[in-house]
Amino acid sequence: MKIFDEQHEMFRQSVRAFVQKEVEPHVAEWEEAGQIPRSIWPRMGELGFLGVEYAERYGGAGADFLTTAVLCEEMARSGCASLAMAVGVHTDMASPHLYWTGSEALKQKYLPDICGGRLLCAIAVTEPGGGSDVAAIRTRGVRDGSEYILNGSKMFITNGVLADLYFVAARIEDPRGEAGPRGRPDAAGDRQRHRGISMFLVERRTPGFTVSRKLDKMGMRASDTAELSFQDVRVPAENLLGQAGVGFYQVMRVFQRERLVAGLHAVASCDRALADTVAYVRQRHAFGGPLSDKQVIRHKLADLATLVEAGRWLTHATCVKFQGGDDAVKEISMVKLFTAEMAQRVAYDCVQLHGGYGYMREYPIERFFRDMRLMTIGGGTSEIMKEIIAKQMAL
Ligand SMILES: Cc1cc2nc3c(=O)[nH]c(=O)nc-3n(C[C@H](O)[C@H](O)[C@H](O)COP(=O)(O)OP(=O)(O)OC[C@H]3O[C@@H](n4cnc5c(N)ncnc54)[C@H](O)[C@@H]3O)c2cc1C
């Protein structure tokens, strides 16, 4: 299935050139340092890679979602899943809250610097007490004159150490004056539990906001992940994004984009791992010939290639549906589930095909194995995807 036109392919060439020259040579060093250098952001901004779908008047390129898809594929094909994720968070998971629901004044104030890579974004929904159950968030916002006062903490926040702007989910008193519910999941139905959740834009330098700690992770090590603390953080009321109390639906809307982006990342990362593995089995000899001559190895690679191709078709077909504006919740959840689980199988088998070298840090396949483990957890776990799919099937 061909979903990209000539313009998309031209854009792909420019992203690929950047990745080959300015990303690939540095991946190992960034992973070791546990940090992507800050300078990569203004550089990507200069090249027009950040905020490709945003209107030109805000510094974007006014392009379509398929252009974003190309960017995701090429970033992930670099073998630097950390950077692909960090960029995805900035452009597809955090800043859409501003673009879709922020006031004109806020958009004019922040978007040009977001697109230029001068301001880095993070999305802060998950809390130490839980991530899957978004409706259970405990961070609180209390209105005080022309401000809201935020208190609470957030966990596992990508770009959290370095970000300048945080898009924060907090529960506020609802417009009718009732406190948002804290109760059991089935207290008074789902809508009751969602009530009060709202999205805020918080600048890093706001007093009371602190990065409590940088977290030490299994994979995606060049992407920083933080725990955040909010203690009497005063946010101007105009930094409330969208409508008070309906932030849950805003979060769910952006999750659709996030999960599709995760699918694109998984497929392209697997493409790269398969290519590396094919090259390896061609040059590695055992029992008098290259590994690639052994039927069991050829068949294993054929199985993996078929799996990845199935993941690509599902993902691309869903990208087209999403771009067309149709409801694609079921398909997007399937993309997230299928490609995340696919990546586990590809990672396991590709390490196996590398033998002992697959276990060594000097081989990118070892990093791929660790990085891909996140795919079934971040952005909504496989179990939660199954729940959503089952609900969509009216089960
Ligand atoms: C590296 C990394 C980066 C992340 N980046 C961000 C970020 O930038 N912003 C952000 O807000 N969050 C981020 N997250 C958080 C991520 O979205 C959550 O980890 C994820 O949603 C799962 O939440 P949890 O970790 O609290 O697990 P839990 O919700 O505690 O779940 C634990 C286990 O129970 C299962 N489970 C839970 N509920 C059910 C159920 N109803 N039925 C069956 N099984 C269930 C889950 O599937 C999981 O296997 C990140 C996480 C990681 C690890």
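Ligands are counted one by one from 1 in listed order, and the atoms in each one are counted from 1 as well. Values in this document were obtained by computation on a predicted structure and should not be read as measured data. Only this structure's heavy atoms are used, side chains among them; waters, hydrogens and symmetry mates stay out.
Annotation: cation-pi pair Arg272/Phe368 absent, no NZ/CZ under 6.0 Å from the ring centroid and within 45° of its normal.
By the 6.0 Å contact criterion, CD on Glu9 is enclosed, its count of non-hydrogen atoms from other residues, nucleotides or ligands being greater than 12. In this structure, Glu32 places its CD atom where only 12 or fewer heavy-atom neighbours from other residues, nucleotides or ligands lie under 6.0 Å away.
With sequence neighbours left out, the salt bridge (Lys or Arg N to Asp or Glu O under 4.0 Å) criterion links Arg298 to no other residue. Residues that satisfy the side-chain hydrogen bond (donor to acceptor under 3.5 Å, both in side chains) test with Ser198, not counting sequence neighbours, are absent from this structure.
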Short N or O separations between ligand 1 and the protein, below 3.5 Å:
| from | atom 1 | to | atom 2 | distance (Å) |
| --- | --- | --- | --- | --- |
| ligand 1 | 5 (N) | Phe156 | O | 2.7 |
| ligand 1 | 5 (N) | Thr158 | OG1 | 2.8 |
| ligand 1 | 8 (O) | Thr158 | N | 3.0 |
| ligand 1 | 8 (O) | Thr158 | OG1 | 3.3 |
| ligand 1 | 9 (N) | Ile123 | O | 2.8 |
| ligand 1 | 11 (O) | Val125 | N | 2.9 |
| ligand 1 | 11 (O) | Thr126 | N | 2.8 |
| ligand 1 | 11 (O) | Thr126 | OG1 | 3.2 |
| ligand 1 | 12 (N) | Thr126 | OG1 | 2.7 |
| ligand 1 | 14 (N) | Phe156 | O | 3.4 |
| ligand 1 | 17 (O) | Gly379 | N | 3.4 |
| ligand 1 | 23 (O) | Ser132 | N | 3.4 |
| ligand 1 | 26 (O) | Gly131 | N | 2.6 |
| ligand 1 | 29 (O) | Ser132 | N | 3.1 |
| ligand 1 | 29 (O) | Ser132 | OG | 2.6 |
| ligand 1 | 47 (O) | Thr381 | OG1 | 2.6 |
| ligand 1 | 47 (O) | Glu383 | OE1 | 2.7 |

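Applying the side-chain hydrogen bond (donor to acceptor under 3.5 Å, both in side chains) rule to pairs touching residues 350-360 yields nothing, sequence neighbours excluded.
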